[in-house]
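I have a structure here, written as C-alpha cells, and I will follow up with some questions on it.
Order of the sequence lines fixes the chain letters, A, B, ..., with proteins taken first and strands second; residue numbering starts at 1 for each chain.
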There are 2 protein chains.
Amino acid sequence: MTSTKEKILNVAEELFADHGFSETSLRMITAKAEVNLASVNYHFGSKKTLIQAVFDRFMLRFTNDLSLEMDRLDEADSELQVIDVLSTLIKPITQLDNLRPDGAGVFMNLLGRAYAETQGHIRRFAMEHYASILKRFTQLLHTTSPNLQPTEMFWRLHFMLGSFIFTLAGHEALQEISESDFDQKVSIEEIIKRLVPFMSAAFSFDSNKPYGTTQASDDVGHKKLSAGEH
Amino acid sequence: MTSTKEKILNVAEELFADHGFSETSLRMITAKAEVNLASVNYHFGSKKTLIQAVFDRFMLRFTNDLSLEMDRLDEADSELQVIDVLSTLIKPITQLDNLRPDGAGVFMNLLGRAYAETQGHIRRFAMEHYASILKRFTQLLHTTSPNLQPTEMFWRLHFMLGSFIFTLAGHEALQEISESDFDQKVSIEEIIKRLVPFMSAAFSFDSNKPYGTTQASDDVGHKKLSAGEH
DNA sequence: GTATGTTTCAAACACTTGTTTGAATTTGCT
DNA sequence: AGCAAATTCAAACAAGTGTTTGAAACATAC
C-alpha cells in the first residue's frame with residue numbers, strides 16, 4: 001500500500017516534468033493522486049518544499065548509481081580515457097527507466113526545469129546538495145586530461161552538462177522530429193550513446209595545438225559504416 | 001518618444017528573461033513600463049501573443065545578423081571548415097549587447113525559457129518561423145563534413161544547440177562561480193569563443209574511426225573499460 | 001468648431017492560486 | 001475496550017491572475 005506521501009511524490013514528479021513547476025497546481029496533483037488538497041501542506045509544508053522533495057528523491061537515485069560507477073572507475077588501475085569517465089553517466093540515467101515508464105525522460109525534464117529556475121530556490125538547493133558529487137566527477141575527468149587548465153575544465157564541463165540536460169530534457173520533441181524526418185525511432189539510451197563519444201571528442205581537443213590537426217574531415221577517403229554501432 | 005507598445009515590449013522581454021513567462025504577471029510589466037494594465041490586451045490581444053511578440057522581435061534581430069554572416073560564408077570560395085560555420089554565431093549573439101545592457105544574456109535567457117516550454121505554444125511558434133534559417137545553417141555545416149550521415153548531423157546539431165543555449169542562458173550563475181573559484185570575470189563573448197572551438201572539435205570527430213585516433217593525449221592503445229555495456 | 005477614430009484609464013469580472021482551519025476520521029498503543 | 005496522536009476532509013480564506021468594460025482623453029481630419 002502506497003502512502004499518501006508517496007502518492008503525492010509520484011504524481012508530482014510526473015506533472016512537474018510535463019508542465020513545469022509553476023504551471024502545475026496543487027489541485028492538479030491532489031486530484032490525480034486521489035488525495036485531499038490539504039495533505040500536501042500537511043506532509044510537505046508548502047509547495048516550495050514539495051518541489052525540493054521531488055527533486056531530491058529523483059536526484060538521490062541518480063547520484064547513488066553514479067557514485068557506484070565512479071567507484072568502479074577508481075578501482076580499475078588502467079589509464080582512464082575521457083570516454084571512460086563520461087560513460088559512467090550512461091547506466092545511472094538509463095536505469096531510471098526501471099522506476100517508472102520513461103523514468104530517464106522524466107528525470108531529465110525535471111533537471112531541465114530546475115536549471116531554468118535561474119533565480120529560484122531549486123538552483124541553490126541543488127548546488128548545496130550535489131556539489132560534492134560534481135566535484136568528484138570533475139576530478140575524475142581531470143585525471144584523463146591533466147594538462148587541461150582548471151578554468152578550461154570548468155567551462156568544458158558545463159558545456160557538456162548543457163548538451164546532456166538540454167538534449168535529454170527535450171528528447172520528446174527531438175524524437176518526434178527524428179521519426180518524421182528519418183523514420184528512425186530513438187530511445188534515450190541511443191541518444192546518450194551518441195552523445196558520449198561526441199562529447200569525449202570535444203574534451204580531447206587540445207586548445208594549445210593549432211586548430212585542424214585533429215581534423216578527420218576531407219581527403220581521407222574512408223568508407224561509411226553504420227553510424228550507430230555499439 | 002517610445003510608444004506604449006514599445007515600452008511594453010522592452011519591459012516584458014527583460015522580465016520574461018529574468019523570471020520566466022508564467023512567473024511574470026501583466027501587472028508587473030505594466031507597472032514597470034508605467035502604462036495601463038489594459039493596454040497589453042489592447043495592443044497585443046493576450047498575454048500569449050505578447051510572449052510571441054517579444055520572442056519574435058528578439059529572434060528577428062538575431063536571425064537577420066546570422067543571415068548576413070552566412071552570406072559572407074557563401075561568397076568566400078575557400079574550403080569551409082566546421083569552425084568557420086560555427087563562428088558565424090559569434091557576431092549575431094554578441095551584437096545583441098548593442099541594443100540593451102547584456103542584450104545577449106537577455107536573448108539567451110529568453111531562448112532557454114522558450115525551449116523549456118516543452119509542450120507550449122512558443123516551441124511550435126519557433127519551429128514554424130525559424131525552420132528555414134536552421135535548415136540553411138545545417139546545410140552549411142553539411143558542406144564542411146559531407147561524409148557525415150544526416151541523422152548523425154541532426155543529433156550533433158542539437159547537441160551543440162543545447163550547449164549554446166544552456167550555457168549562455170545560465171551564464172549569470174556560471175559567471176559567478178567562475179569569479180569566486182578562479183577570480184576570473186568572463187563576458188558572454190569569451191564564453192562563446194571558448195565554446196566554438198570546443199564544439200568544432202566535437203563536430204570534426206569521425207565516429208567511423210575507432211575512438212582515440214583524434215586524441216590529443218598520449219598513445220593509441222587504450223584499454224576499454226566495460227563501464228556502460230549491457 | 002465638430003465629428004471620427006484611436007488610445008488610455010479605473011474599475012470590475014470571473015477564476016485560480018497556495019494556505020489555513022477546525023471538525024471528522026483513522027490509526028497505534030496499552 | 002478506550003484514550004491519544006496522527007491523518008484526512010470539506011470548506012473557507014486572502015491574494016493574485018488574465019481579461020473585459022464603458023467612459024474619459026487624445027489625436028486627426030474636415
Examine C:dT7: is either OP1 or OP2 under 4.0 Å from a nitrogen or oxygen in the side chain of B:Ser39? Give yes or no.
-> no
What nucleic acid atoms does B:Ser25 come within less than 4.0 Å of, heavy atoms only: base, sugar-phosphate, or nothing?
-> sugar-phosphate
How far apart are the closest heavy atoms of A:Leu140 and A:Thr143, and which atoms are they?
-> O-OG1, 2.6 Å
Spacing of A:Leu50 atom CG relative to C:dT19 atom C1', expressed in whole Å | 14 Å
Between A:Arg136 and A:Asp71, is the closest basic N to carboxylate O distance under 4.0 Å?
-> yes
Keeping the roles fixed (side chain from A:Glu6, backbone from A:Ser3), state whether a donor-acceptor pair exists under 3.5 Å.
-> yes
When you match B:Ala38 and B:Tyr42 each to their closest nucleotide on DNA chain C, which lands nearer the 5' end?
-> B:Tyr42
Gap between atoms CZ and C1', on A:Arg27 and C:dG18 respectively (whole Å) = 7 Å
Please find out if less than 6.0 Å separates the ring center of A:Phe159 from that of B:Phe164.
-> no
Can you check whether B:His43 has a side-chain N or O nearer than 4.0 Å to OP1 or OP2 of C:dT8?
-> yes
How many Å lie between CD on B:Glu34 and C1' on C:dC9, as a whole number?
-> 15 Å
Grab the CG-P distance between B:Leu26 and C:dT17 for me, whole Å please.
-> 17 Å
Specify the separation, in whole Å, of atom CD1 of A:Ile51 and atom P of C:dT17.
-> 14 Å
Under 4.0 Å between a Lys/Arg side-chain N and an Asp/Glu carboxylate O for A:Arg72 and A:Glu75?
-> no
Does the side chain of A:Asn41 get closer than 4.0 angstrom to OP1 or OP2 of C:dG18 through an N or O atom?
-> no
Can you find a side chain N or O atom of A:Asn36 that sits less than 4.0 Å from OP1 or OP2 on D:dT7?
-> no
For B:Met28 and D:dA15, give me the distance from atom CE to atom P, rounded to whole Å.
-> 19 Å
For A:Glu6 and D:dT7, give me the distance from atom CD to atom P, rounded to whole Å.
-> 13 Å
So, is A:Thr4 close to the D:dT8 phosphate, meaning a side-chain N or O under 4.0 Å from OP1 or OP2?
-> yes
Name the nucleic acid region contacted by B:Thr24, choosing base, sugar-phosphate or nothing; use a 4.0 angstrom heavy-atom cut-off, strictly under.
-> sugar-phosphate
Between C1' of D:dT17 and NZ of B:Lys47, the distance in whole Å | 8 Å
